[in-house]
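Treat the numbers as computed from the prediction; the structure is a model and nothing was measured. Chain letters run A, B, ... following the sequence lines, proteins first, then strands; residues in each count from 1. Hydrogens, waters and symmetry mates are skipped; everything else that's a heavy atom, side chains included, is used.
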Amino acid sequence: MTVRVRFPPSPTGYLHVGTGRTVLYNWLFARHHGGVMVFRVDDTDAERSTDEYLQDIIEGLRWLGIDWDEGIIVGGPAGEYRQSGRLARYREVARQLVDSGWAYYDFTTPEQLEALRAEAAAAGQSPVYDGRFRLPAEEAEARVAAGEKAPIRFAVPRPGETVFTDAIRGELRFDHANVDDFVLLRSDGTPTYHLASAVDDVDFAITHIIRGEDLLPSTPKHLLIAEAMGAPAAVYAHLSLLTGPDGAKLSKRHGATSLRSYRDEGILAEAMRNYLAILGWSPGTDEEIVSLETMVDRFDLGAVSKNPAVFDLTKLEWMNGVYIRSLDPIEFASRALPFIEQALGRALEPAEGEAFGTIAPLVQERARRLTEVGAQVRFLFAEVEMDPVSWEAVMKGPEAGVALAGARITLEALGTWDKAGIEAALRRLLEDHGLSARKGLQPIRVAVTGSTVSPPLFESLEVLGRERTLDRLRAAEGRLAEGSGLQ
RNA sequence: GGCCCUGUCGUCUAGUGGCCUAGGACGCCGGCCUCUCAAGCCGGUAACGCCGGUUCGAAUCCGGUCGGGGCUGCCA
């Protein structure tokens with residue numbers, strides 16, 4: 001039997017990193033087993049579902065490099081993969097379950113339900129509706145025929161229990177005393193998540209349902225619906241949740257949770273994918289950097305962790321740095337370009353693009369996120385924005401003036417303006433004045449880039465060009481003179 | 001409150017009765033390298049929640065306890 005998994009997002013928000021991890025695991029499982037990945041849309045919540053969110057989810061998947069074999073866009077045997085387009089089917093199943101006695105029209109009022117819950121809470125019992133007000137079938141039918149609106153509830157067998165083996169957690173049992181007669185079809189005729197999701201899983205012949213642990217308490221309901229439909233039970237696997245540093249389910253209050261925001265903040269798709277894969281799954285070796293091929297090759301639900309995992313931004317950034325450094329230099333430059341233009345607020349001129357291409361490899365070694373690149377090369381494309389702290393740190397001593405003036409004079413006279421020439425000239429300068437590289441070069445760096453932190457100096461000057469370098473050295477000398485009260 | 005999941009370094013994890021005086025990775029600390037910052041290299045810090053039991057032997061098995069999390073809607 002071929003493995004069939006599914007990804008059923010409900011488009012009520014941007015693609016969440018936790019959801020991203022869930023899809024990844026489904027995808028890895030499918031690819032590992034040569035199975036089929038189905039992409040359906042759980043949009044039964046018409047109020048909150050939007051097309052914009054669906055687009056974001058699709059883009060997020062593509063960004064991660066996850067594809068699907070059946071479902072929206074690509075189509076498939078089921079034809080319709082949006083739940084909003086399958087409403088008639090859900091009503092049909094609900095009706096069939098009523099006819100077969102697995103479900104019933106319910107006339108309990110919200111007040112009655114509330115009273116029951118309060119009563120149960122007071123008695124220390126499970127607050128579940130056990131169908132005690134269920135009417136005889138004929139009576140219920142008569143009221144429905146008379147035009148009365150009523151939801152359809154599932155008649156959970158009592159006493160009873162649902163037992164299943166979770167692929168990650170082992171055998172799990174749920175006493176039906178704690179499972180209530182849940183609503184299948186709302187009184188307005190729309191299906192609840194439980195009905196729509198379970199029917200789709202049956203209709204699309206899903207064999208493995210890999211989802212978040214938050215759905216664990218709902219599993220008996222889904223298994224019961226499948227049973228009532230006369231369908232074989234799928235294998236369930238519940239993934240632990242992703243949490244923030246405080247241990248609570250990852251949410252907005254922990255910071256960015258959408259995959260999109262990480263992409264926008266300079267995280268590489270391959271790094272995010274690798275990090276998410278390792279967050280809760282171990283390839284079985286000490287490796288942390290794992291190729292996609294290896295993931296597919298080794299993925300196994302039995303090796304997925306049962307514990308919740310804290311989403312550790314620091315480790316993601318480290319991994320992103322590893323991936324950035326492993327990029328082909330040309331590839332790095334082209335991926336970084338949009339971030340530079342974003343930081344600059346304008347597109348780069350052709351000549352500037354060339355300049356960046358020259359210095360890019362040096363920045364590549366230093367960045368953990370693509371967004372850092374802009375700050376590092378800004379001095380090449382804009383006027384110097386002097387960092388006061390940097391200035392204070394290096395312009396204090398008597399060496400500063402000497403280094404600045406000396407550099408200006410020697411570089412002005414320099415023959416060929418290239419890295420080798422610049423380095424030779426400046427090293428000679430240092431020697432002549434008995435300055436250490438550290439003491440002598442920092443003032444020049446700050447004068448030219450505006451900061452104590454920059455790409456290597458000689459290359460930076462080469463790319464900056466003689467005129468701008470000299471201008472900036474003069475400007476710094478002027479500023480130094482003012483600051484020293486010499487003027 | 002009820003039901004359920006879960007518990008190895010700060011974090012992610014390896015570990016399925018002896019190979020564990022518990023391994024790796026991130027972080028952190030120190031050193032080397034060095035024109036700054038990174039990167040790289042070397043070294044260090046740090047954990048089996050607790051209490052019982054089973055066993056010649058327990059991180060690994062059992063019970064309890066404490067802690068963390070999830071669910072508890074005619075949301076998904």
Side-chain angles (χ1 to χ4, degrees), chain A residues 8-10 12-13 42-45 47-49 106 110 113 117 120-128 149-153 166 168-169 172-175 177-180 182-188 190-194 196-197 212-220 238 240-241 243 245-249 275 278-282 284-289 303 305-319 321-322 325 362-368 372 376 390 393-394 423 426-427 430 436-442 444-446 449 451-458 460:
Chain A
S10 82
T12 55
D42 282 16
D43 58 353
T44 50
D45 184 346
E47 294 284 306
R48 299 191 297 146
S49 296
D106 175 55
L113 255 16
R117 275 194 274 270
Q125 306 273 298
S126 277
V128 306
K149 297 286 185 210
I152 291 178
R153 284 183 185 272
D166 186 283
I168 294 172
R169 293 159 208 282
L172 265 20
R173 355 176 49 101
F174 288 82
D175 188 328
N178 299 309
V179 180
D180 59 5
F182 56 101
V183 172
L184 251 20
L185 203 66
R186 301 185 187 102
S187 50
D188 65 0
T190 60
T192 59
Y193 159 74
H194 297 303
S197 176
E213 190 187 11
D214 49 341
L215 262 359
L216 196 45
S218 304
T219 306
H238 289 93
S240 63
L241 266 18
T243 77
D246 62 352
K249 190 156 112 173
Y275 179 65
I278 288 304
L279 195 57
W281 169 69
S282 168
T285 63
D286 281 344
E287 304 155 82
E288 305 274 328
I289 302 298
S305 172
K306 294 192 276 259
N307 318 335
V310 175
F311 187 79
D312 182 3
L313 192 57
T314 308
K315 187 157 183 174
L316 204 213
E317 288 182 320
W318 160 76
M319 193 171 275
V322 171
R325 275 173 259 126
L362 299 174
V363 179
Q364 182 175 3
E365 296 175 25
R366 302 174 153 67
R368 283 165 93 92
E372 290 167 22
Q376 291 233 29
S390 292
V394 305
E423 174 159 13
L426 290 181
R427 293 228 184 258
L430 294 176
S436 67
R438 193 181 199 90
K439 279 282 184 188
L441 261 25
Q442 278 300 77
I444 301 174
R445 182 191 310 283
V446 170
T449 71
S451 168
T452 49
V453 177
S454 83
L457 187 62
F458 310 126
S460 293

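Between C74(B) and Lys149(A), no contact under 4.0 Å exists linking OP1 or OP2 to a side-chain N or O. Residue Arg325(A) places no side-chain N or O under 4.0 Å from the OP1 or OP2 atom of A38(B). Listed pair Arg117(A) / G73(B) meets the phosphate criterion, a side-chain N or O lying under 4.0 Å from OP1 or OP2. Under 4.0 angstrom from either OP1 or OP2 of C74(B) there lies at least one side-chain N or O belonging to Arg153(A). Look at Arg438(A) and you'll find a side-chain N or O under 4.0 angstrom from OP1 or OP2 of U36(B). Phosphate contact (OP1/OP2 of A76(B), side-chain N/O of Thr44(A), threshold under 4.0 Å): present. Between A39(B) and Arg368(A), a contact under 4.0 Å exists linking OP1 or OP2 to a side-chain N or O.
At a threshold of 4.0 angstrom between heavy atoms, the contacts of Ser390(A) with the nucleic acid are absent. Base engagement by Arg48(A) is indicated by at least one non-hydrogen atom pair under 4.0 Å involving a base atom. The residue Gly280(A) sits close only to the backbone: its heavy atoms come under 4.0 Å of sugar-phosphate atoms, none of a base. The residue Ser305(A) sits close only to the backbone: its heavy atoms come under 4.0 Å of sugar-phosphate atoms, none of a base. Here Thr192(A) lies in heavy-atom contact (under 4.0 Å) with sugar-phosphate atoms only. Among the atoms of the strands shown, base atoms are found under 4.0 Å from some heavy atom of Val453(A). As judged by a 4.0 angstrom heavy-atom cut-off over every strand, Leu279(A) is placed among residues touching the sugar-phosphate backbone only. At a threshold of 4.0 angstrom between heavy atoms, the contacts of His194(A) include nucleobase atoms, whether or not backbone atoms are also involved. If you check every strand for non-hydrogen atoms under 4.0 Å, Thr452(A) touches a base. Using a 4.0 Å heavy-atom cutoff across all strands shown, Ser187(A) reaches at least one base atom of the nucleic acid.
Of the candidates C12(B), C35(B), A76(B), the closest approach to any side-chain atom of Ala437(A) belongs to C35(B). In the set C35(B), G23(B), A25(B), A25(B) carries the atom at the smallest distance from any side-chain atom of Lys315(A). Of the candidates C35(B), A25(B), A76(B), A76(B) carries the atom nearest the Ser10(A) side chain, counting heavy atoms from C-beta on. Between G69(B), C35(B), A25(B), one nucleotide has an atom nearer to the side chain of Glu288(A) than all others, and that is A25(B).
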Under 4.0 Å protein heavy-atom contacts per nucleotide of nucleotides 1-9 of chain B, with B for base, S for backbone only and - for none: BSSSBSSS-
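Counting atom types as modelled, Glu365(A) pairs no side-chain N or O with a base atom of G40(B) as donor and acceptor under 3.5 Å.
Nearest approach of Ala150(A) to Asp106(A), heavy atoms of both residues: CB-O, 3.3 Å.
Here the separation of A58(B) from G49(B), taken at their P atoms, is 15 Å to the nearest Å. Straight-line distance between the P atoms of C51(B) and C66(B): roughly 15 Å, to the nearest whole Å. Here the separation of C61(B) from G68(B), taken at their C1' atoms, is 24 Å to the nearest Å. Rounded to a whole angstrom, the distance from the C1' atom of U13(B) to that of G27(B) is 15 Å. The gap from the P atom of C12(B) to that of G69(B) amounts to 14 Å, rounded to the nearest Å. A gap of 7 Å separates the P atoms of C48(B) and C9(B), to the nearest Å. A gap of 38 Å separates the C1' atoms of G24(B) and C3(B), to the nearest Å. Nucleotides C5(B) and C62(B) have their P atoms positioned 14 Å apart, rounded to a whole Å.
With a cut-off of 3.5 Å on both pairing distances, the Watson-Crick or G-U wobble partner of C66(B) is G7(B). Summarising the base pairing, U34(B) is matched to no nucleotide, lacking a Watson-Crick or G-U wobble pair whose two defining distances lie under 3.5 Å. Using N1 to N3 plus N6-O4 or O6-N4 for Watson-Crick, or N1-O2 and O6-N3 for G-U wobble, each under 3.5 Å, C61(B) pairs with G53(B). Checking G1(B) for Watson-Crick or G-U wobble geometry (two distances, each under 3.5 Å) identifies U72(B) as its partner. Under the Watson-Crick or G-U wobble criterion, with both distances below 3.5 Å, G17(B) is left unpaired in every strand shown.
Sequence order on RNA chain B of the closest nucleotides to Ala367(A) and Glu423(A) puts Glu423(A) first from the 5' end. Comparing Ala248(A) and Ile278(A) against RNA chain B, the residue whose closest nucleotide sits nearer the 5' end is Ile278(A).
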